[in-house]
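Chain letters run A, B, ... following the sequence lines, proteins first and then strands; every chain starts at 1. If you're wondering where the values come from, they're calculated on a predicted model, not measured in any experiment.
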Amino acid sequence: MISLDQFYGAYKSIRPLPDPDQRDAIEETSGKPLFIVAGPGTGKTTCLTLRILKLILIDGVPPGGILATTFTKKAAIELRSRVLGWGFGLLEALQSNKAINRSARERLARVDINHVLTGTIDSICEQVLHEFRDPGTIPAVLVDEFVSRTLMLREGLFGNGRFRDDELDRFLFDKSARNSRYGWNIGAKNDLLQTIWDRRFQDQLDWDAFLRSGPKNEKRARQQIGDIFNDYQQSLVQDGRLDFALLEQEVLSRLRAGQLSEFASQLRVVLVDEYQDTNLLQEAIYFELAKACKGGMTVVGDDDQSLYRFRGATVELFSEYERRYRRAFGRMPRKIFLRTNYRSTGIIRRFVNGYITLEGDYQSVRVQGKPQLEPPKQKVDTKEELPILGMFRDGMSDLAKDLADLIHRVFAGKGYRLPTGQLIRANTKEGAVGDCALLCSSPAEFSSGGKERLPLLLRRELGARRPPVEMFNPRGQDLTGIQVIRVFGGLLLECLDPGATLQTDIRSRNHISDDIRGVFDDWRHEAIAFAEGKGCPDGLRKFAMAWAGRDPKRKGHKWAHAVPVLELIYGLVHFFPELHDDPEGQIYLEVFTRQVSACEQVGKFSGRVLTEPTNPGLSEASVKELLRDFLGPIAAGTVKVNEDLTETFPRDRLSVLSIHQAKGLEFPLTIVDVGSDFSGNYPAQAFKRFPTNGSQPHVMEDLLRPYTDLAAPARSAVYRAFDDLWRQFFVAYSRAQDVLLLVGLTTILPGRWLPNVATGYRRDGSCPWGSKFPFLTI
Amino acid sequence: MELSIRPKVYSLPSYSLTADLIGFLRCGLQYRYTRIGQLPSANPVQMWFGEFIHGVLEEAYRRYDANRKAGRAKVPVGEAGEIILMVKKRLSVQGLYPWSKPLEEIGDARARAAITDLGPQLFPIIHRAEVRLTGARALPLARIPAHCQFRNVDRYEMVGIVDVVTHVELNDPKLHRNQLIQQILKGLPSDPPDRFELIIDYKGMRRPPAVSSGDTTPSLWDVYAWQVQTYAHLRKGHEDSLQIIGGLILYLNELLPTWSDLEALRKEVRGKQTDVTPTPGSEEEHAFLTELRRIEGRDASYFPSLPLDFRLRRALRVVSVSDETIRRSLEQFDEVVARIETCRGKEVLTSKVLAIWEKNPEDEGTCAACDSRTFCPSYRKESSPRLPSVANNR
């Protein structure tokens with residue numbers, strides 16, 4: 001349609017031109033398979049976007065013939081935004097270019113970039129199953145994690161009393177990679193079953209072979225698992241529901257049976273981002289789609305940034321992609337490395353390069369021939385560079401205090417001066433604390449044992465300074481600890497089940513655990529104190545007491561037979577401006593309403609409160625269901641806030657993120673918690689610091705992979721556990737743009753007594769950083 | 001060293017032609033809670049019927065299409081009961097229920113009428129159903145105050161799903177007696193080409209009063225017409241589209257009106273607020289007047305007996321499409337997007353919701369069904385939450 005020069009000429013008017021590596025990837029013809037290995041900050045989304053636009057504008061591929069997927073919803077939105085935003089910018093520039101002949105410009109005018117199909121693989125699968133279904137078939141409803149967990153528990157584990165089976169218990173405990181039976185309960189068993197269920201499809205297991213195999217003492221347990229899964233699947237399918245694993249499996253089955261040929265035949269090119277976190281099932285789907293494109297497939301990723309083994313990702317599908325592609329299509333894809341890092345300063349880049357090559361043995365699992373990250377060729381960087389910084393203290397409190405001091409000085413004061421005399425300060429024009437983030441293995445503010453963690457101490461320290469600096473940590477905050485949630489939850493409990501009569505009556509600990517009962521009791525006390533306090537809004541007590549009474553015989557009134565619990569929720573919300581007039585409160589309110597929807601899906605009463613004078617048992621059952629399936633999971637802390645509801649990270653708050661969440665993001669000042677929890681040599685923490693065994697994902701791989709086409713992993717579980725830690729901290733360190741600060745306890749300083757992968761320890765226990773720290777201690 | 005500024009995420013806002021455009025125009029505050037905040041309605045009666053009737057028509061068409069491909073084009077009238085059950089089951093899995101027996105019975109009856117009365121006219125001219133439409137437009141930055149601009153993008157994405165697109169060949173002998181085509185041709189201003197396309201949009205509601213927009217608040221009558229125009233605009237970019245000469249809005253409740261619909265129609269006829277009235281002196285006027293006399297004492301699910309031709313005329317609204325009408329509608333869409341973006345920007349700045357979002361207390365129907373009415377600063381009729389269905393029997 002247009003020439004490459006015209007394409008770049010137009011692009012130059014809106015953005016800087018791509019580098020030679022990127023150009024190689026962008027310019028390759030549509031039919032040529034590409035394997036793009038892109039290090040952090042090398043512009044892979046830019047490259048992918050430009051390749052899509054080049055295919056459309058130069059090669060004439062119809063936009064509707066392009067399918068581009070990525071790993072998260074937010075990444076998919078960003079990719080689509082770039083395709084549309086840059087695409088229309090390019091089209092406008094091209095159409096105003098009189099050097100392009102008229103017929104070409106007329107053809108450009110007819111190009112509709114909107115038709116490029118983008119999304120996550122799950123969103124694409126859902127869309128395809130809906131749009132290309134046969135008459136007489138119900139479009140399946142995709143269930144969320146709570147619904148699938150509940151059905152697995154209720155229909156699977158509780159079915160036929162299987163949760164009492166000792167052999168099943170022993171088998172699951174053996175595969176849980178736990179050090180002790182502390183915390184080993186039905187919920188933990190259920191989680192493990194859910195993992196096996198997912199991997200059965202993700203790894204494309206020969207399920208019958210798995211059930212038949214194993215040592216004699218496992219026979220019964222394996223059979224029980226087979227029965228559990230049959231009952232679980234039956235409960236989903238009979239109501240027209242699918243979970244994520246079944247959704248993808250269904251698409252693969254239909255593709256293989258030729259039932260989605262109408263969809264597949266419209267495709268010309270398939271592009272997949274973040275391929276390092278793909279699994280065998282997804283690979284099979286992509287290969288089926290690529291067959292329809294005569295092998296025209298581009299994959300982009302970085303094995304060093306593979307973080308999702310625990311969700312079934314198999315990094316070898318990426319690192320061995322060339323071999324696997326050749327086996328499927330009979331030819332080799334072209335491998336292109338993106339090596340120019342546009343994100344970080346030279347010092348950070350060299351530190352990151354050094355870190356990922358520290359462990360000699362790890363190099364053998366990386367993509368062969370991988371180059372180091374390089375600086376941009378044209379960029380003349382006159383900006384002052386700061387050394388990598390390290391802040392290590394004897395105790396977590398001191399660490400939080402000093403870290404808060406640094407953050408406060410940089411973003412709310414005159415800056416923070418280093419021992420070298422250099423000053424770090426926020427950007428004078430538009431700088432804000434949103435330019436900084438704390439990255440942790442987990443952003444949780446309390447440990448599973450209830451101990452306070454660094455994010456919590458830091459929140460307190462920052463809040464106590466003048467002016468205070470607020471923190472944004474929606475995933476790390478314990479919802480059950482937020483004041484408005486506690487009072488609101490308590491009021492709901494007292495309205496539904498005044499005096500906890502029914503709560504006490506629910507005998508089975510499996511339905512409402514002691515922990516949940518404890519939280520419920522706390523909530524009730526706080527709600528009662530609130531309602532009896534001076535600040536109680538007018539009318540709240542009367543409303544709540546009328547609900548609690550629900551007297552159907554009350555003179556002159558008639559209480560409705562069945563009332564959606566949402567009516568109670570919205571009635572109470574009236575009295576809480578924090579929930580209806582504050583954007584953050586809205587996010588908390590959504591937690592309650594979302595869990596009502598989940599409760600409706602798994603329950604018998606559709607989220608309604610029955611008031612049936614002639615059948616009090618039925619009324620009570622409806623309330624018990626709400627306690628168990630609506631409020632119970634919130635009190636248990638298993639329901640998280642919906643991050644899609646937050647537009648972006650607020651500029652006026654310090655973001656605290658898990659390293660997984662930080663993937664794909666960058667921050668001018670990046671603080672990485674490399675071990676604020678490691679005060680002693682505790683075996684339970686070893687997997688986060690210096691593994692002595694494989695963790696659960698590795699044990700699962702050893703258990704299940706022998707029944708897949710991948711065969712058993714050649715590398716030991718503990719080696720894979722080390723590999724995952726290298727990758728995790730490689731991702732964390734490479735988020736930094738200007739300043740990288742490592743924080744932790746002095747126990748894990750290089751060369752001290754606790755070996756720690758994040759602070760430069762090798763698998764053999766040696767620590768090259770011990771002789772000379774690669775950071776400046778502050 | 002002075003730190004850089006963290007680059008903003010490049011993310012285009014996406015606005016749909018139904019949930020966003022119409023949702024915001026009904027009431028900005030309600031839109032904030034239900035669409036942006038994803039808070040479900042406590043009594044989603046209207047949502048159930050809308051989803052139900054769309055689902056029934058879609059499934060009935062799929063079966064018709066399968067029959068057609070097999071060489072025997074047959075509307076699945078005999079399968080209506082099965083289709084209705086199937087769609088209800090799917091909706092119940094999604095947590096959508098009819099909530100009352102009378103509502104369910106009305107829904108069932110209308111679904112049967114849609115398959116039986118509308119299907120034979122509509123299905124033969126369908127080219128594609130459930131067509132996904134997307135497009136990007138310049139974000140109307142000039143209409144958004146600078147301090148409310150919180151994104152670094154200059155475009156927005158508009159999305160929608162059109163229920164049906166038709167391909168009509170006027171010379172096709174099979175279509176000569178098609179009542180829909182006849183009505184459509186009457187409604188279009190000029191002679192159509194031999195082959196053309198129409199956009200069809202189902203509405204699970206009665207025909208609204210034909211009232212044009214006021215100065216600030218557009219009427220639903222106009223908004224639905226804009227919607228069809230913007231669908232036409234987006235559809236034009238599809239390779240398989242023909243010349244789009246119009247849109248057809250189908251108000252499905254009119255296929256089987258209840259006595260309360262008839263009562264509403266009487267008021268609109270008297271107030272000259274509707275464009276489709278019984279033809280004076282005709283059989284349909286006789287039926288209309290006879291049924292009005294019978295209204296007293298009827299229950300909610302009583303369906304007056306009115307001629308099919310009249311019901312079809314009430315159900316059908318033809319909207320002609322031209323470059324000029326599309327341009328005007330897109331401008332209106334931009335205007336609404338600017339208003340939404342302004343509210344969002346103000347919310348980011350102030351961290352407040354109630355005072356920031358536009359409200360529309362004029363539409364009593366919307367307010368009565370709104371879960372936020374008791375704390376909405378603009379709605380005065382209720383200032384505290386009611387207890388469930390408390391009835392005073394004194």
With a 4.5 angstrom heavy-atom cut-off, could you sort out which part of Ser92(B) is near chain A: side chain, backbone, both or neither? neither

Taking the side chain as every heavy atom from C-beta outward, state whether Leu3(B) and Val410(A) have any atom pair closer than 4.5 Å. yes

Quick one: CD1 on Ile36(B) to CD on Glu590(A), what's the gap to the nearest 0.5 Å? 13.5 Å

So do the side chains of Ser372(B) and His580(A) get within less than 4.5 Å of each other, counting heavy atoms only? no

Mind checking the CG-NZ spacing from Leu387(B) to Lys542(A)? Nearest 0.5 Å is all I need. 8.5 Å

Student check: side-chain heavy atoms of Glu567(A) and Arg386(B) closer than 4.5 Å: no

With a 3.5 Å distance limit and no angle check, can you tell me whether Arg6(B) reaches the backbone of Pro668(A) through a side-chain donor-acceptor pair? no

Do Glu78(A) and Ser11(B) touch side chain to side chain, with heavy atoms closer than 4.5 Å? no

Answer with side chain, backbone, both or neither: which region of Glu130(B) has an atom nearer than 4.5 Å to a non-hydrogen atom of chain A? side chain

Under 4.5 Å from any heavy atom of chain A - which part of Val93(B): both

Can you tell me which portion of Lys352(B) sits under 4.5 Å from chain A's heavy atoms? Options are side chain, backbone, both or neither. both

Can you find a pair of side-chain heavy atoms, one from Asn427(A) and one from Glu2(B), that are under 4.5 Å apart? yes

Who among Lys89(B), Gln94(B), His238(B) has the most heavy-atom pairs with chain A under 4.5 Å? His238(B)

Drop me the distance from Glu347(B)'s CD to Gln586(A)'s CD, to the nearest 0.5 angstrom. 8.0 Å

Determine yes or no for a side-chain-to-main-chain donor-acceptor pair under 3.5 angstrom, with Asp435(A) supplying the side chain and Ile5(B) the backbone. no

Run the salt-bridge test on Glu92(A) and Arg155(B) with the 4.0 Å N-O cut-off and return the result as yes or no. yes

Would you say the side-chain atoms of Thr134(B) pair up with the backbone N or O of Asn114(A), donor to acceptor, closer than 3.5 Å? yes

Would you mind reporting whether Pro577(A) and Phe375(B) have side-chain heavy atoms less than 4.5 Å apart? no

Could you grab the distance from atom CG of Leu39(B) to atom CZ of Phe592(A), nearest 0.5 Å is fine? 12.5 Å

Any heavy-atom pair between the side chains of Pro388(B) and Trp559(A) that's under 4.5 Å? yes

Do Arg80(A) and Leu12(B) touch side chain to side chain, with heavy atoms closer than 4.5 Å? no

Between atom CG of Asp652(A) and atom OG of Ser351(B), what is the distance when rounded to the nearest 0.5 Å? 7.0 Å

Whatever's closer than 4.5 Å to a heavy atom in chain A on Tyr33(B) counts as both

State whether Glu58(B) and Arg133(A) are salt-bridged, where the test is any N-O pair (Lys NZ or Arg NE/NH1/NH2 against Asp/Glu carboxylate O) under 4.0 Å. yes

